[in-house]
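So that the names make sense, note that chain A is the first sequence line, chain B the second, and so on, each numbered from 1.
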Amino acid sequence: MLDIRLIRENPDEIIARLAAKGRDAKEDIAKILELDRERRSLIQKTDELKARQNKVSKEIPRMKKAGEDVSAIVLESRQLSDEIKDNDNLRKETEEKLNEVMAGLPNLPDPDLKPGGKENNEVLRMFGSPKQFDFEPKNHVDLCTDLGLIDYPRGAKLSGSGFWIYRGMGARLEWALLNYFIETHLNDGYELVMVPHMLGGQAGYVSGQFPKFKDEVYWLKNDEGEREHFMLPTAETALVSLHMDEILTEKELPRKYVAYTPCFRKEAGSHRTDERGMIRGHQFNKVEMVQYTRPEDSDKAFEELVGKAEALVKGLGFHFRTVKLAAEDCSASMARTYDIEIHIPSMNGYKEVSSVSNARDYQARRGNIRFRREETGKTEFVHTLNGSGLATSRILPAIVEQNQQKDGSVLVPEVLRKYLGGIEVLTKDMNHI
RNA sequence: GGAGAAAUACCCAAGUGGUGAAGGGGCUCCCCUGCUAAGGGAGUAGGGCGUGAAAGCGUCGCGAGGGUUCAAAUCCCUCUUUCUCCGCCA
């Protein structure tokens, strides 16, 4: 949600900045300005009526006590009451319309972003270089199947396409990754939270996934009149709504959270032939970092989150790159986003394993998340940031592909060994599925 | 899942239709006192919204949303959450 005052004061600037995100907002802004005027004039009128009504209301008991005739004043009060009700309904209607248009506007991209889409993304940093093999490397689907790490056929049997099963050493490797990530975050002072995997609709609104992306999540079919639930598409949805409708103290900022959850996504129509295996599924594992900060601290926090995501990938010994997304490639809620992309040899390309974003006050406005500034005693909206740290289901294919050896075995990255009872190499004879 | 009770400020809590939502604790300030404790006094209902340069003024506000009424913390309905008992259960 954008600040209505900003729109009121600089409508042209807002239109220009949203244009960088590929959004022509001229009509919406015009509509907002009109509804906003209408709303304020209705409020003014209604408040005057209410003031009059309050005055009259106080007269009645006084007159009654004095034994005066109250029929005339009661009649006036009744008329005022009707008029107020009509005005209030009109105001409510106007506010709903206004909110609908406002909620549909994406966040403003930071001014330093290049306008346009993916083609304007900018590689900021590269670490390492693509692995060279002196043998014909296998792809991760074959490796995972041959080593018995992942059971694709039975995943499909249980739940259909887009689902798989981690088995034996595969499950332990995935678990080791989660442990490595979480332990690192704990050392960095983040609070570990375990959140519900089913969320009520409001949470999706705060993070900005709704109303636009309502079709991309799984909704549970509840009985008539029951609260609606959806399966969370990322822990961000839960973590960003954690402090909905709260006023935090300035002292307790920044808040730093980390959560592991499976993530559930429909991914309708987004299947590509090169995204085999676990590159894109309906359920994948991810550790998510979220920070709530004062406005002036969010740039620093953003760099911290990017640095943390990079450090995790570096710790695994991988070649990767950090990409600054162009305005249009950032999601609707975000002012800026950097992606960490890891090299997957069989795809001859890079796949996102982390996406770090600064929403500034966009989500905080939607969720009414504020803090009280000590100096002024006033409340302000916080800034929210989030970043994957990391998506394990994209890391595991990279591990097996980048660390494969000529004999088909896979080296376990050093940092993970302590979570795997010291095992250094994954070989065929460890698992039979 | 069934039955019952409750929700008022930072905390406890009074308030069953009528002008400003009691009181206490805590907190802040002041006084008294070598210091501390104790004591005395004052302040302390949030957060929006509208208007205004600001001070201010107006409005909303007693879990949420509706309704009845000239008037609702108070009466009625729906919902949410919490507690107690029963059932079920990892």
Mind checking the [atom1] distance from [N] to [M]? Whole angstroms is fine.
{"N": "rA73(B)", "M": "rU16(B)", "atom1": "C1'", "result": "10 Å"}
{"N": "rG1(B)", "M": "rC79(B)", "atom1": "P", "result": "13 Å"}
{"N": "rG23(B)", "M": "rA13(B)", "atom1": "C1'", "result": "8 Å"}
{"N": "rG24(B)", "M": "rG43(B)", "atom1": "P", "result": "12 Å"}
{"N": "rA6(B)", "M": "rA90(B)", "atom1": "P", "result": "34 Å"}
{"N": "rG65(B)", "M": "rA72(B)", "atom1": "C1'", "result": "15 Å"}
{"N": "rA21(B)", "M": "rU33(B)", "atom1": "C1'", "result": "38 Å"}

Of all the choices, [options], which nucleotide is nearest to the side chain of [X] once you look at every atom?
{"X": "A51(A)", "options": "rA71(B), rU59(B), rG47(B)", "answer": "rU59(B)"}
{"X": "R370(A)", "options": "rG18(B), rU51(B), rG47(B)", "answer": "rG47(B)"}
{"X": "S81(A)", "options": "rC49(B), rG47(B), rA71(B)", "answer": "rA71(B)"}
{"X": "P61(A)", "options": "rG18(B), rU68(B), rG58(B)", "answer": "rG18(B)"}
{"X": "N54(A)", "options": "rG47(B), rU59(B), rU51(B)", "answer": "rU59(B)"}
{"X": "K85(A)", "options": "rU59(B), rU68(B), rG48(B)", "answer": "rU68(B)"}

Would you tell me if any nitrogen or oxygen in the side chain of K92(A) comes within less than 4.0 Å of OP1 or OP2 on rG66(B)?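 Looking at the OP1 and OP2 atoms of rG66(B), one of them is under 4.0 Å from a side-chain N or O of K92(A).
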For rU59(B), take OP1 and OP2 only and decide whether either is under 4.0 Å from a side-chain N or O of R52(A).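 Negative; the distance criterion is not met.
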Between [atom2] of [N] and [atom1] of [X], the distance in whole Å:
{"X": "E95(A)", "N": "rC60(B)", "atom1": "CD", "atom2": "P", "value": "15 Å"}
{"X": "D88(A)", "N": "rG58(B)", "atom1": "CG", "atom2": "C1'", "value": "15 Å"}
{"X": "I73(A)", "N": "rU69(B)", "atom1": "CD1", "atom2": "C1'", "value": "16 Å"}
{"X": "L42(A)", "N": "rU59(B)", "atom1": "CG", "atom2": "C1'", "value": "14 Å"}
{"X": "L98(A)", "N": "rG50(B)", "atom1": "CG", "atom2": "C1'", "value": "14 Å"}
{"X": "E48(A)", "N": "rU51(B)", "atom1": "CD", "atom2": "P", "value": "12 Å"}
{"X": "R39(A)", "N": "rU51(B)", "atom1": "CZ", "atom2": "C1'", "value": "13 Å"}

Taking any strand in view, what nucleotide pairs with [N] in a Watson-Crick or G-U wobble way, both distances under 3.5 Å?
{"N": "rC32(B)", "result": "none"}
{"N": "rC79(B)", "result": "rG63(B)"}
{"N": "rG50(B)", "result": "rC57(B)"}
{"N": "rA3(B)", "result": "rU84(B)"}

Does [X] reach a base, just sugar-phosphate, or nothing at all? Heavy atoms under 4.0 Å.
{"X": "R365(A)", "answer": "nothing"}
{"X": "I60(A)", "answer": "base"}
{"X": "I247(A)", "answer": "sugar-phosphate"}
{"X": "R40(A)", "answer": "sugar-phosphate"}
{"X": "T46(A)", "answer": "nothing"}
{"X": "R372(A)", "answer": "sugar-phosphate"}

Between R52(A) and E48(A), does any NZ, NE, NH1 or NH2 come within less than 4.0 Å of an OD or OE carboxylate oxygen? no
Please determine if K324(A) and D339(A) form a salt bridge, counting it only when a charged side-chain N lies under 4.0 Å from a carboxylate O. no
Answer yes if the side chains of S357(A) and R336(A) hold a donor-acceptor pair under 3.5 Å, and no otherwise.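 Absent: no donor and acceptor within the cut-off.
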Test item: side-chain donor near acceptor, R417(A) and Y419(A), under 3.5 Å: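 No, because no side-chain N or O of R417(A) sits under 3.5 Å from a partner of the opposite role on Y419(A).
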Do R265(A)'s NZ or CZ and the ring of F284(A) fall within the cation-pi criteria of under 6.0 Å and 45°? no
Could you state the interatomic distance from CD (E100(A)) to NZ (K31(A)), rounded to the nearest 0.5 Å?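 Reported to 0.5 Å precision, the distance equals 7.0 Å.
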hbond_proxy K50(A) side chain to rG58(B) base (donor-acceptor, 3.5 Å cutoff):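 Answer no: no donor N or O sits under 3.5 Å from an acceptor.
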So do P262(A) and F264(A) actually touch side chain to side chain, heavy atoms under 4.5 Å?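 Yes - at least one pair of side-chain heavy atoms lies under 4.5 Å apart.
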